Amino acid sequence: MGDGHLPRGEWVALAVALIWSAGFIVAAALAPAYQSTTETSSGTITHGSATLVDENGRAVLLPVGVPLLVTVIVGCALWRREASRGAGPIAWTFTGLLAGFNVVAMHSIGPFMLPVTASLVVACALRQARRHGEAGSAALPT
């Protein structure tokens, strides 16, 4: 399968990672993540909310965008793996780096990145299993 096409399982896993990581960026900009309550001296209570971007500035989009960047890198590596022997280790390395980033960010945004990491692990594992299956079947006499 040297044409660069991904089998369904790998494609679905990468699509889930891509959709989740893109949605994560949109949520950081639009979804309320912080709640506030203020009370004036006259006793009027006001409730408010803020997004991650409102509360932390646009710079928060850098760590929030890491899963999307890693998904694109892993997807390209798996898609082009047939042309490059080093693409599999590249895909696994970036997936592992994202897993480490999840651990570091576990008390803030890390848990929201876990579905992306899990999807990339599935995509890499499916590709590795398929490659080992092809190598094993190529070694069998016909």
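In this text, all values refer to a predicted model and were calculated from it rather than measured experimentally. Computed over heavy atoms, backbone and side chain alike; hydrogens, waters and symmetry mates excluded.
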Distance-only donor-acceptor hits, side chain of residues 12-27, under 3.5 Å, sequence neighbours excluded:
{"unit_1": "Trp20", "atom_1": "NE1", "unit_2": "Phe112", "atom_2": "O", "d": "2.6"}
{"unit_1": "Ser21", "atom_1": "OG", "unit_2": "Ala17", "atom_2": "O", "d": "2.8"}
{"unit_1": "Ser21", "atom_1": "OG", "unit_2": "Leu18", "atom_2": "O", "d": "3.2"}

**Pro67 versus Val64, closest heavy-atom pair with distance** = CD-O, 3.2 Å
Which donor-acceptor pairs under 3.5 Å do the side chains of residues 116-124 make with protein atoms, sequence neighbours left out?
{"unit_1": "Thr117", "atom_1": "OG1", "unit_2": "Asn102", "atom_2": "OD1", "d": "2.5"}
{"unit_1": "Thr117", "atom_1": "OG1", "unit_2": "Met113", "atom_2": "O", "d": "3.3"}
{"unit_1": "Ser119", "atom_1": "OG", "unit_2": "Pro115", "atom_2": "O", "d": "2.9"}

**Message:** According to a hydrophobic-cluster definition based on side-chain heavy atoms being under 4.5 Å apart (Ile, Leu, Val, Met, Phe, Trp, Tyr only), do Val60 and Leu98 belong together?
**Reply:** yes
**Asked** Is the closest side-chain heavy-atom distance between Leu52 and Tyr34 below 4.5 Å?
**Response** yes
**Message:** Working note: Gln128 + Trp92, criterion side chain to side chain contact (heavy atoms under 4.5 Å, CB included); need CA distance, chi angles, decisive distance, verdict.
**Reply:** CA-CA 10 Å; Gln128 184 173 348; Trp92 275 114; 3.0 Å; yes
**Prompt:** Can you tell if the side chain of Pro111 reaches within under 4.5 Å of the side chain of Met106, non-hydrogen atoms only?
**Reply:** yes
**Prompt:** Which distance, rounded to the nearest 0.5 Å, do you find between the CG of Asp54 and the CG of Leu30?
**Reply:** 9.5 Å
**Message:** Rounded at 0.5 Å granularity, tell me how far CG in Leu78 sits from CD1 in Ile73.
**Reply:** 12.0 Å
**Complete:** Interatomic distance, CG@Leu68 vs CG@Leu61, rounded to 0.5 Å, equals 11.5 Å
**Request:** Please confirm whether the backbone N or O of Thr40 pairs with a side-chain atom of Thr44, one donor and one acceptor, at under 3.5 Å?
**Result:** no
**Request:** Might you work through the side chain to side chain contact (heavy atoms under 4.5 Å, CB included) test for Leu69 and Val66, ending with a clear yes or no?
**Result:** CA-CA 5 Å; Leu69 176 64; Val66 166; 5.7 Å; no
**Item:** Thr38 and Ile45, any side-chain heavy atoms less than 4.5 Å apart
**Value:** no
**Prompt:** Do Trp11 and Leu126 belong together in a cluster built from hydrophobic side chains that touch within less than 4.5 Å?
**Reply:** no
**Asked** Per the side chain to side chain contact (heavy atoms under 4.5 Å, CB included) rule, which among Val70, Val72, Thr71 passes with Val74?
**Response** Val70
